[in-house]
**Student:** 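Sharing a structure here in structure tokens format.
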Amino acid sequence: MSYKFGKLAINKSELCLANVLQAGQSFRWIWDEKLNQYSTTMKIGQQEKYSVVILRQDEENEILEFVAVGDCGNQDALKTHLMKYFRLDVSLKHLFDNVWIPSDKAFAKLSPQGIRILAQEPWETLISFICSSNNNISRITRMCNSLCSNFGNLITTIDGVAYHSFPTSEELTSRATEAKLRELGFGYRAKYIIETARKLVKDKAEANITSDTTYLQSICKDAQYEDVREHLMSYNGVGPKVADCVCLMGLHMDGIVPVDVHVSRIAKRDYQISANKNHLKELRTKYNALPISRKKINPELDHIRLMLFKKWGSYAGWAQGVLFSKEIGGTSGSTTTGAIKKRKWDMIKETEAIVTKQMKLKVELSDLHIKEAKID
DNA sequence: CAGGTC
DNA sequence: CCTGG
């Protein structure tokens, strides 16, 4: 079967599919080794229905090709959606040259490798990262796909591969149980997923909102980052690390650095970040007013987050993405055969990043406009 | 132990 | 604590 692909000019140093789709941000892109393309299901634009989307980067590495299966009449909508999903309004070259290299020597010997932060669907991001706790990427990938195939809706089957939607909070509450999830190998996270889905259904009803996406976006409205994180941590299985992942990748709070063991190691080893008694006391006082934060936040890790924000600025989360990729190197993703394979780290030759027309034409983000959360 | 949370 | 590499 062949499709009519749309095209988007984008240099590989600005976007490298292998480096962003299989590096632990998203867990549901399927890589077809033979066709050298990626596919998944996603909601396009403001729609609630899921479509199968196929992506590939051509040999010259300067064109991103895309198609939504069975939706060929609406190529522009997909193009607009992908520009938001990949955040093509943000130039990595600009961040390297004008922000990170001048302020951080570690970036001087690095170059943009097409590693960027995605704007993912927040509900899927929340559940995916609940699954990520104390876990490895290949199992997280299996779990996310298991949620879709067991509790999502069948969208279509292509070349023998069945594509499902990511289940909504209602679908999870009505179709899944903790016992069933345990059988499927979710371990102790089974309870977190069920309870989070239930609470989201309840929260949405109280807010009179039907869409998971819209609801989670609505908690950012007129809210500071600290309040958004407090709200996210009201869900079971969501601590500061998971909440920050949702803020960064699901709610596009670009300055948020999720602090895990790796980032913590980088911070101490390469940046000599360490909190003194005053710092920690200040943070404890600050979170005293927020009952859940007070309970869940580790002041020492939160201090690292703040110091890295100070170091890297309003796109600190993106800087973390770059360094993190370097730290853990290649990782695994799923393929059409279901096998989890080691991924080759996709290095880019040192070419001058070309700011494409699409980059200059800043994407209209009107329907995504969420009041920028203030970060200190 | 694995990109934490209870 | 679940599970698996």
Side-chain angles (χ1 to χ4, degrees), chain A residues 19-28 115 117-118 120 125-147 176-199 229-250 256-270 287 291-302 304-305 308 316-334 338-343 345:
Chain A
N19 290 353
V20 298
L21 300 183
Q22 300 188 285
Q25 281 192 66
S26 77
F27 303 97
R28 230 154 53 69
I115 301 161
I117 299 297
L118 298 168
Q120 304 193 73
T125 308
L126 177 62
I127 296 297
S128 300
F129 282 92
I130 285 175
C131 293
S132 80
S133 72
N134 200 12
N135 206 348
N136 57 65
I137 293 178
S138 62
R139 183 149 81 115
I140 302 165
T141 301
R142 269 201 308 279
M143 287 160 98
C144 291
N145 287 309
S146 171
L147 285 177
T177 61
E178 187 187 330
K180 179 84 184 157
L181 286 171
R182 276 188 175 268
E183 271 175 48
L184 290 169
F186 283 77
Y188 57 79
R189 301 163 198 82
K191 191 166 97 173
Y192 301 159
I193 292 167
I194 295 296
E195 290 184 359
T196 294
R198 284 209 185 115
K199 182 166 188 293
R229 186 172 46 164
E230 173 82 0
H231 187 126
L232 290 172
M233 289 194 303
S234 72
Y235 299 102
N236 200 3
V238 181
K241 160 65 169 54
V242 173
D244 283 346
C245 284
V246 176
C247 286
L248 176 63
M249 295 168 246
I256 301 305
V257 179
V259 180
D260 54 42
V261 284
H262 296 290
V263 173
S264 176
R265 182 176 59 248
I266 293 171
K268 289 172 188 160
R269 184 192 64 200
D270 302 338
Y287 294 125
I292 301 170
S293 298
R294 185 165 56 91
K295 211 169 67 181
K296 291 192 176 185
I297 285 176
N298 173 338
E300 198 187 324
L301 295 182
D302 200 55
I304 291 174
R305 181 186 64 74
L308 291 177
W318 291 54
Q320 174 271 352
V322 169
L323 291 187
F324 192 85
S325 300
K326 201 166 75 79
E327 183 77 5
I328 66 170
T331 181
S332 51
S334 59
I340 306 295
K341 308 181 72 169
K342 274 287 180 201
R343 178 178 69 89
W345 186 237

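Order of the sequence lines sets the chain letters (A, B, ...), proteins ahead of strands, with each chain counted from 1.
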**Student:** Please tell me if A/Lys296 has a side-chain N or O lying less than 4.0 Å from either OP1 or OP2 of B/dC6.
**Tutor:** yes
**Student:** Decide side-chain hydrogen bond (donor to acceptor under 3.5 Å, both in side chains) for A/Gln120 and A/Thr125; before the verdict, give the C-alpha distance in whole Å, the side-chain angles of both, and the deciding distance to 0.1 Å.
**Tutor:** CA-CA 7 Å; A/Gln120 304 193 73; A/Thr125 308; 4.7 Å; no
**Student:** When all nucleic acid strands are considered with a 4.0 Å heavy-atom cut-off, which category describes A/Pro240: base, sugar-phosphate, or nothing?
**Tutor:** sugar-phosphate
**Student:** Who pairs with A/Glu183 by salt bridge (charged side-chain N to carboxylate O under 4.0 Å, His left out), at least two apart in sequence or on another chain?
**Tutor:** none
**Student:** For C/dG5, does OP1 or OP2 lie under 4.0 Å from any side-chain N or O of A/Asn136?
**Tutor:** no
**Student:** Go ahead and write out DNA chain B as dot-bracket, 5' to 3': ( ) for pairs within the strand, [ ] for ones crossing earlier pairs, | when the partner sits on another strand, dots for unpaired; Watson-Crick or G-U wobble, both distances under 3.5 Å.
**Tutor:** ||.|..
**Student:** Ion pair present between A/Asp302 and A/Arg305, side-chain N to carboxylate O less than 4.0 angstrom?
**Tutor:** yes
**Student:** A/Arg198: which residues meet the side chain to side chain contact (heavy atoms under 4.5 Å, CB included) condition with it, sequence neighbours left out?
**Tutor:** A/Thr173, A/Ile194
**Student:** Please determine if A/Arg189 and A/Glu178 form a salt bridge, counting it only when a charged side-chain N lies under 4.0 Å from a carboxylate O.
**Tutor:** no
**Student:** What are the two closest heavy atoms between A/Lys199 and A/Tyr235, and how far apart are they?
**Tutor:** CG-CE2, 3.6 Å
**Student:** Between the base of C/dC2 and the side chain of A/Arg139, is there a donor and acceptor pair under 3.5 angstrom?
**Tutor:** yes
**Student:** Indicate, yes or no, whether a donor-acceptor pair under 3.5 Å links the base of B/dG4 to the side chain of A/Tyr188.
**Tutor:** yes
